[in-house]
Student: 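Right, I'll just put the structure down here and ask away after.
Every chain is numbered from 1 and lettered A, B, ... according to where its sequence line falls, protein lines coming before strand lines.
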Amino acid sequence: MNTDKTSPTDLGKPHAAPVDAPPAADAASTVVDPRLLVREQGLTGYIGEFKRKVRAGDLGALPVIVGLVIICIVFQSLNSNFLTAGNLSDISVAMVGTGMIAVGIVFVLLLGEIDLSVGSVSGVAGASFAVLSILHGVPEWLALLLAILSGTVAGAIHGFIFARIGVPAFAVTLAGLLFWNGFMLKILGENGTINTNGSGVFYNLSNYFFSDVAVAYGAAVVAVAVYFLSAFFDSRRREAAGVPSRPLNEIVLRTALLAVVAFAAAYMFNQYKGLPLAVVIFLAVLIVTDFVLRRTSYGRKIFALGGSVEASRRAGINIVLVRTSVFAISGTFAAVGGLFIASKISAANQGAGSGELLMNAIAAAVIGGTSLFGGRGRTWNALLGVLVIVSIQYGLALEGVAAAVQQMITGGVLLITVIIDAVTRKTQKSAGRA
Amino acid sequence: MVHVSATPVLALRGVSKRFGAVQALTDVELEVHAGEVVALVGDNGAGKSTLVKTIAGVHPIDDGVIEWEGKAVQIGKPHDAQSLGIATVYQDLALCDNIDVVGNLYLGRELKKRGVLDEVEMERRSRELLTTLSIRIPSVRIPIASLSGGQRQTVAIARSMLGEPKLVILDEPTAALGVEQTAQVLDLVERLRERGHAVVLISHNMADVKAVADKVAVLRLGRNNGVFDVKTTSQEEIISAITGATDNAVTRRAARNAEAQK
């Protein structure tokens with residue numbers, strides 16, 4: 001039996017270039033197996049590779065982007081106010097709170113686990129900030145820091161109980177969901193709602209806009225330049241080391257795509273109040289977390305645990321530490337998200353962190369393309385997913401659709417997404433890319 | 001046989017191991033030299049896996065001495081074995097399906113440059129390592145999930161080579177492999193020997209043992225049952241040592257066949 005020659009990688013793509021395995025002696029000197037479908041140089045090769053990936057079920061961000069385009073077309077045709085700068089800017093600011101929580105969820109999903117407590121923890125963060133800063137007069141910066149730390153501690157407790165004692169994460173965080181929601185109600189006390197100041201750092205989180213048009217364009221220029229230079233120098237280094245590198249025209253193409261998106265966004269923000277501070281912070285968080293996940297050994301450990309716990313153990317990875325820290329990260333981002341949400345309504349109230357927030361955050365991570373089965377996903381998925389969810393909410397609200405129907409539609413979108421996830425996983429398995 | 005040094009890399013002297021009421025190993029002796037492949041054979045329950053686990057530090061020994069390059073050492077936990085230079089490839093390969101070949105090779109010992117993963121250097125060295133071991137896989141940047149069983153096995157063995165170990169223990173490396181994959185793995189074992197590594201190979205497959213091993217150490221019911229030179233010993237002798245008697249189903253059948261031929 002020769003599993004190589006009959007491997008599904010080859011079967012799935014009968015159309016593609018060199019498939020046959022040559023005699024062993026020929027290729028003994030080279031590591032690159034001739035059976036590998038080598039990508040042609042140039043743009044045609046790039047498109048060919050893209051088609052092949054799609055056929056193999058490696059859809060990446062494609063379904064979400066198609067979904068976003070459909071959402072834009074549908075809502076714009078229903079209501080011409082949807083694609084206005086004001087509405088899009090509102091969507092961008094409103095998505096940050098849920099998006100931050102979804103970033104934490106991506107970390108937990110990469111382990112193949114789930115954190116149900118993030119909604120309640122986000123409520124605790126908003127409430128503790130309000131209590132400390134408004135009722136007890138703690139300086140705003142310190143109160144913010146303590147509120148974020150409260151999320152870190154809550155997450156670390158969940159993680160430790162899960163990792164050390166071995167209680168399923170689902171159960172631990174379900175207990176956390178109840179406990180922290182009760183804790184929030186307790187510290188809010190009898191009046192129930194604490195209004196926060198109409199100025200200051202906390203207020204600015206969701207309400208500050210860089211009104212100078214140069215800021216938005218400058219940020220776009222910096223982003224495009226940094227992306228191009230880092231990709232270019234990375235490719236040069238790989239070339240120098242004699243390992244396959246990305247061709248220059250592909251880097252240029254990617255940079256051009258990024259530039260189109262970045263400048264369109266900057267133009268849109270400048271048409272309204274300017275670049276929102278919340279969006280800047282969110283993008284910075286996405287860049288940093290993506291870097292941590294893909295370029296540091298800590299991130300590698302998270303992916304390894306999501307792939308195989310036993311392999312990670314044998315590789316000497318401290319499983320308890322990584323698991324605990326991932327839940328601490330999830331709690332931290334839940335707290336940060338909670339602060340953005342509280343800042344947006346300038347109040348900490350009893351309803352914070354309950355209702356559909358938890359489900360929206362998890363849905364955002366999954367809709368964006370993070371696998372529920374662990375080991376696959378990026379934090380950028382959180383951005384795409386939350387854009388879909390908040391766009392639907394705003395689009396339906398513009399139409400005056402009731403909240404009940406909004407929930408049903410969001411649920412339907414989530415269902416479609418998990419179906420896509422399951423189907424692509426199957427396709428990927430048969431194409432050997434799972 | 002390739003060059004064999006005077007002092008064995010690893011020597012077990014009178015090693016015993018008990019699990020509760022079960023005496024898993026009794027006074028086991030084993031010597032492995034550099035540049036030598038020692039096959040460890042025996043029936044199920046003969047103590048092969050237990051012996052390997054004592055060397056790898058999974059189960060500390062109860063009695064006896066483990067000598068490493070002539071000096072007595074304590075191997076209490078897997079880390080001790082690794083720092084001595086013992087690498088073990090278990091039957092379940094323990095690779096992460098979702099991570100690419102480079103990532104798996106360097107899992108747990110990533111190369112870093114200013115705190116950031118040095119992917120370029122890891123990829124370069126991975127290709128180098130795979131080339132020196134003549135391992136052929138489609139690309140070092142595809143996830144393990146897309147490799148065949150034999151390719152995974154070679155990746156797992158290559159992974160054990162990264163720490164430049166002196167002794168490599170392979171637990172049933174050819175079980176569940178096809179004909180061509182088995183040949184690839186056996187080639188790889190020979191290459192390890194050529195590079196001067198000591199190899200302990202556990203196998204049920206006599207053909208594999210005859211093909212690559214220099215010595216065969218037979219375990220039976222937790223005790224030594226002879227060490228044979230592969231070149232001068234017939235397969236029947238080894239099998240009778242494994243089964244523990246000259247009068248058993250195997251020898252009876254052989255005798256019957258011989259008679260029938262007459």
Side-chain angles (χ1 to χ4, degrees), chain A residues 1-9 21 24 27-38 56 110 234 237-245 291 294-301 303-317 371 373-376 428-429 431-434, chain B residues 78-79 82 88 90 92-99 102-104 106-112 115-151 156 159 177-181 183-184 187:
Chain A
M1 178 192 77
N2 183 343
T3 48
D4 286 341
K5 283 179 188 162
T6 59
S7 84
T9 321
S29 57
T30 161
V31 183
V32 179
D33 194 310
R35 279 166 298 184
L36 178 70
L37 308 166
V38 182
L110 282 176
D234 184 59
R237 259 197 82 204
R238 299 178 72 88
E239 228 168 84
V243 295
S245 56
F291 185 83
R294 299 192 313 120
R295 295 317 249 330
T296 67
S297 61
Y298 176 71
R300 183 58 54 79
K301 285 172 188 168
F303 277 99
L305 266 177
S308 163
V309 177
E310 187 54 31
S312 313
R313 196 191 315 276
R314 298 229 188 110
I317 292 171
S371 174
F373 307 97
R376 204 155 51 87
Q428 287 186 338
K429 271 234 174 85
R433 296 195 68 96
Chain B
H79 185 76
Q82 275 165 23
T88 315
Y90 293 97
D92 57 324
L93 301 171
L95 299 169
C96 290
D97 274 358
N98 59 330
I99 298 181
V102 177
N104 267 290
Y106 280 93
L107 189 61
R109 50 188 157 192
E110 293 87 359
L111 300 179
K112 275 174 274 186
V116 179
L117 292 183
D118 192 349
E119 291 284 358
V120 177
E121 182 63 14
M122 283 196 277
E123 185 167 336
R124 196 182 63 74
R125 288 204 204 169
S126 300
R127 289 166 149 260
E128 222 172 73
L129 176 73
L130 297 180
T131 312
T132 45
L133 295 175
S134 302
I135 296 175
R136 290 173 48 216
I137 45 174
S139 155
V140 290
R141 281 296 177 197
I142 54 170
I144 290 291
S146 22
L147 298 183
S148 71
Q151 290 170 332
R159 176 173 151 70
L177 289 191
V179 178
E180 193 185 325
Q181 285 76 15
Q184 283 171 3
D187 280 352

Student: Can you tell which of A/Gly374, A/Gly316, A/Gly242, A/Ala304 has the highest number of heavy-atom pairs within less than 4.5 Å of chain B?
Tutor: A/Ala304
Student: Kindly compute the distance separating OG (A/Ser297) from CG (B/Leu111), expressed to the nearest 0.5 Å.
Tutor: 11.0 Å
Student: Can you give me the closest heavy-atom contact between A/Arg238 and B/Val120, atom names plus distance?
Tutor: CG-CG2, 3.7 Å
Student: Residues in side chain to side chain donor-acceptor pair (under 3.5 Å) with A/Arg295, at least two apart?
Tutor: none
Student: Checking the side chain of B/Asn98 only, and the main-chain atoms of A/Arg376 only, is there a donor and an acceptor separated by less than 3.5 Å?
Tutor: no
Student: Can you find a heavy atom in the side chain of B/Cys96 that is under 4.5 Å from one in the side chain of A/Arg300?
Tutor: no
Student: For A/Ala311 versus B/Ala94, what's the shortest heavy-atom pair and its separation?
Tutor: CB-O, 3.1 Å
Student: Provide the closest heavy-atom pair for B/Ile99 versus A/Phe303 in the form atom of the first, atom of the second, distance.
Tutor: CD1-C, 4.0 Å
Student: Pick one of side chain, backbone, both or neither for B/Asn104, based on which atoms fall under 4.5 Å of a heavy atom in chain A.
Tutor: neither
Student: What residues form a salt bridge (charged side-chain N to carboxylate O under 4.0 Å, His left out) with A/Glu239, not counting sequence neighbours?
Tutor: none
Student: Side chain, backbone, both or neither: which part of A/Arg313 has a non-hydrogen atom closer than 4.5 Å to chain B?
Tutor: neither
Student: With a 4.5 angstrom heavy-atom cut-off, is it the side chain or the backbone of B/Leu107 that approaches chain A, or both, or neither?
Tutor: both
Student: Which answer fits A/Tyr298, side chain, backbone, both or neither, if we ask what part of it has an atom under 4.5 Å from a heavy atom of chain B?
Tutor: neither
Student: Are A/Pro244 and B/Glu123 close enough that some pair of their side-chain heavy atoms sits under 4.5 Å apart?
Tutor: yes
Student: With a 4.5 angstrom heavy-atom cut-off, is it the side chain or the backbone of B/Arg109 that approaches chain A, or both, or neither?
Tutor: neither
Student: Measure the spacing between OG of A/Ser308 and CG of B/Asp97 and express it to the nearest 0.5 Å.
Tutor: 7.5 Å
